[in-house]
Number of protein chains: 2
Amino acid sequence: MAITIKDIANKAGLSPASVSRILTNRGRFNEDTAIRVRELAHSMGYLKNQSAADLSQQKSRIIGILVPIEHTNFADEIIKGMQNKAHEFGYELLITFIDVNESQQIQTVQSLLSRQILAIFMLAIDMSPAVFKLLINSKVQLLSISNQLDSQIPSISSDNYVMMKKIVDYLVSHGHKKIALIGSSSQFPIVAQLRRQGFIDGLAAHGISYNPDFIWGTTLSYQTGLETIKHFGLPLPFTAAIGSADIISIGLLNSAKDANLDIPNDLSIISIDGTELTQITRPVLTTIQQNFQLMGELAITTLHENKFTEEKVIFTKTKIVPGKTVAINYESI
Amino acid sequence: MAITIKDIANKAGLSPASVSRILTNRGRFNEDTAIRVRELAHSMGYLKNQSAADLSQQKSRIIGILVPIEHTNFADEIIKGMQNKAHEFGYELLITFIDVNESQQIQTVQSLLSRQILAIFMLAIDMSPAVFKLLINSKVQLLSISNQLDSQIPSISSDNYVMMKKIVDYLVSHGHKKIALIGSSSQFPIVAQLRRQGFIDGLAAHGISYNPDFIWGTTLSYQTGLETIKHFGLPLPFTAAIGSADIISIGLLNSAKDANLDIPNDLSIISIDGTELTQITRPVLTTIQQNFQLMGELAITTLHENKFTEEKVIFTKTKIVPGKTVAINYESI
DNA sequence: TATTTATGAGTAAACGTTTACGCAATTATA
DNA sequence: TATAATTGCGTAAACGTTTACTCATAAATA
């Protein structure tokens, strides 16, 4: 039998209500008795029954986090950011990994909803219409992180359009005119479209017409990167490639090595994401780094300050982190 | 206001108790009315209030998972295994990332305990005495995965001693006699000790005396791997090295490349863990692979079958996965 | 000093679900 | 057919916490 508020009340000669007020720091109470009660609670090893509290209050401080199980390696960074702030504001994170199986998704979401959850944050997830409907009906605060969904749902991400233009600028400033975009995920249609448009517009801004064949690959996977060179054949029709995710860029880098290409002189590579994975390759990848940790922090603080009503789309900054995989292309200069 | 069991009862002309019995599939009820009630519940969009249920039953189906925030990349695989089985048996996983900050650890554990949790699984975590005491006192089922702790706490892991002997056998069978062990973590003293002993005994079994200088590095980090060659200097006094974690092996591989060594001819490397990280290096790492997913599955099934009382230590098998980083050392043959 | 205001704490109901117990109605057994 | 066993369901209490009210007492104000 665990210690309850009642036990403390008895020992302190108070009513449970008073103890509750003291322990939750709500309502009126005398500070001297409060000190006594808090000490008692501690010495008796009291541990609040959160289920009872949630039931009574008809809500919890839980934020449900949905993370794709085919693990995007930046999810950790987002979670880290969220954890920092959650701890600060007294929220609990209920992290759940979900896969593409719809019935399992539904069960997962229902189990979250059955706990009077405060909000559901989706990390780089696109969900099926059935789950989407369930979530919309549930009235909990939704937020998509690192991915933009339906415009009804607020999101925090990099500005994918601007990011892509920055990348193109960077490559063009290094003399590249023939640029490929590897990995335009069909799984995240809105993001993919924004990036494609940024790619096209970025090239156009430099008077370069874009070759639709140079946008290739539909999954954000190592495999996509690995197959790139085989797909295009040697010699490559482009001098630089953009990997849409670090893992793609690594695959591309490896396939280039396997084909005895000299990186970056035979092919320049720039990677989107910039997680620590890019630091453990040889040569170290040049990347545009997204600020995932900040996305996580903003997710919590924006929820805390209840600002999702004002701003539907929040962007975090990106920055180019030079590595050793982009060379100057003298041929076209 | 959400639909409750009472609403269903009213509409069905039953008492809440009957509805509860039907929906939880406990006690006695008529199957025809059950069908009616289940349909009603579905059509009314009923969602169980799990807090109320937990409160009433004085327990939950939640399993708390503690994961180190400096992310060990195999945690995902363990969680994947757990998730499969948890889903099957109707458990919920409450995954929490913890860092080394003790006060935060305590808060995290308390927040878990305040939810009538069923068990706490620790993934590759060594905890401070204060947290340890808290857990022991709490009476919840504890389990350490991929790490052995105090003998009171059951664990699921590879047999680190046997694993290390297997590695030594493998290297010796490839002609290596001078072997280094890189990364003997002070953070996981029991595992580290078992591995050291396996290393020493493994060498002794082949009549090779061991050189204490060849056990080097105290953190399981990329940095440790990266600094190895600088530490020992060239030419290396050993022909093969064991990386105690994939990330160490990658660091070692990179530092070897940076020093213009030819892997595997100048140095053979074998990595412990064998996560997918080892597949994205060039050359691909030879590894001894731990079955993390199985560890996760066993964690859940063993809990489900309540078998922790019988067996305190459960081992999963390891297997050597040849890559391209171990060569035959002809010199010593 | 008389009146108002503030303070501290108790009472009791509520949150939604589960479950021990009891009782009628039905079915099985002798 | 009389009795026993089974079935289906309702009653009511319980889980631990919170909170709207209420009320006495103390402090502040006029």
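This one's a predicted model, so the numbers in the text were calculated from it and none came from an experiment. Just so it is clear: chains get the letters A, B, ... in the order the sequence lines come, proteins before strands, and each one is counted from 1.
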>> Is it the case that the side chains of Arg21(B) and Ser18(B) hold a donor-acceptor pair, with the cut-off being a distance below 3.5 Å and no angle test?
In response: yes

> For the side chain of Asn30(A), counting heavy atoms from C-beta on, which of dA9(C), dT17(C), dT18(D) is nearest?
Replying inline: dA9(C)

> Given atom CG of Asp32(B) and atom P of dT7(D), what is their separation to the nearest angstrom?
Replying inline: 15 Å

> Which whole-number value in Å describes the distance from Ile22(B) CD1 to dC9(D) P?
Replying inline: 6 Å

> Do Ser60(B) and Gln116(B) have a side chain donor and acceptor closer than 3.5 Å?
Replying inline: no

>> What is the distance, to the nearest angstrom, from the CG atom on Leu23(A) to the P atom on dT19(D)?
In response: 13 Å

>> Nearest to the Ala52(B) side chain among dC9(D), dG16(C), dT19(C), which nucleotide is it?
In response: dG16(C)

>> If we ignore hydrogens and angles and just use 3.5 Å, is the side chain of Thr302(B) paired with the main-chain N or O of Leu298(B) as donor and acceptor?
In response: yes

> Would you call the rings of His304(A) and Tyr91(A) parallel, tilted or perpendicular, where under 30° means parallel and over 60° means perpendicular?
Replying inline: perpendicular

> Are OP1 or OP2 of dA9(C) and a side-chain N or O of Thr33(A) less than 4.0 angstrom apart?
Replying inline: yes

> Ser51(B) near the nucleic acid: base, sugar-phosphate alone, or nothing, with a heavy-atom cut-off under 4.0 Å?
Replying inline: nothing

>> Which nucleotide wins on minimum distance to the side chain of Leu55(B), given the candidates dG16(C), dT18(C), dT19(D)?
In response: dG16(C)

> Any side-chain N or O of Gln57(A) less than 4.0 Å from the OP1 or OP2 oxygen of dT17(D)?
Replying inline: no

>> With nearest nucleotide decided by heavy atoms, which residue, Pro16(A) or Phe29(A), maps closer to the 5′ end of DNA chain C?
In response: Phe29(A)

> Is any side-chain nitrogen or oxygen of Ser18(B) closer than 4.0 Å to OP1 or OP2 of dG10(D)?
Replying inline: yes

> Over how many whole Å does the gap from Arg28(A) atom CZ to dG10(C) atom P extend?
Replying inline: 13 Å

> Tell me: CD of Gln116(A) to P of dG16(D), nearest whole Å?
Replying inline: 19 Å

>> Let me spell it out: for each of Arg21(B) and Ser56(B), pick the nucleotide of DNA chain D with the closest heavy atom. Which residue's pick is nearer the 5' end?
In response: Arg21(B)

> Is any side-chain N or O of Lys59(A) closer than 4.0 Å to OP1 or OP2 of dC15(C)?
Replying inline: no

>> Mind checking if Thr4(B) touches a base, just sugar-phosphate, or nothing, with heavy atoms under 4.0 Å?
In response: sugar-phosphate

> Can you find a side chain N or O atom of Lys48(B) that sits less than 4.0 Å from OP1 or OP2 on dT18(C)?
Replying inline: yes

> Which part of the nucleic acid does Ala53(B) contact within heavy-atom distance under 4.0 Å: base, sugar-phosphate only, or nothing?
Replying inline: sugar-phosphate

> Side chain of Ser20(A): nearest nucleotide among dT11(D), dC15(C), dT18(D)?
Replying inline: dT18(D)

> To the nearest angstrom, how far is Arg61(A) atom CZ from dT17(D) atom P?
Replying inline: 18 Å

> Are OP1 or OP2 of dT17(D) and a side-chain N or O of Gln58(A) less than 4.0 angstrom apart?
Replying inline: no

>> Can you confirm whether the side chains of Thr275(B) and Asn73(B) place a donor and an acceptor under 3.5 Å from each other?
In response: yes

> Given atom CG of Asn49(A) and atom C1' of dT18(D), what is their separation to the nearest angstrom?
Replying inline: 13 Å

> Is there a side-chain contact between Phe121(B) and Leu303(B), using heavy atoms and a 4.5 Å cut-off?
Replying inline: yes

> Any idea which of dT19(C), dC9(D), dG10(C) is nearest the Leu14(B) side chain?
Replying inline: dC9(D)

> Of the nucleotides dT18(D), dG10(D), dT17(D), which one has an atom closest to the side chain of Tyr46(A)?
Replying inline: dT17(D)

>> Without decimals, in angstroms, what is the distance between Asp54(A) CG and dG16(D) C1'?
In response: 12 Å

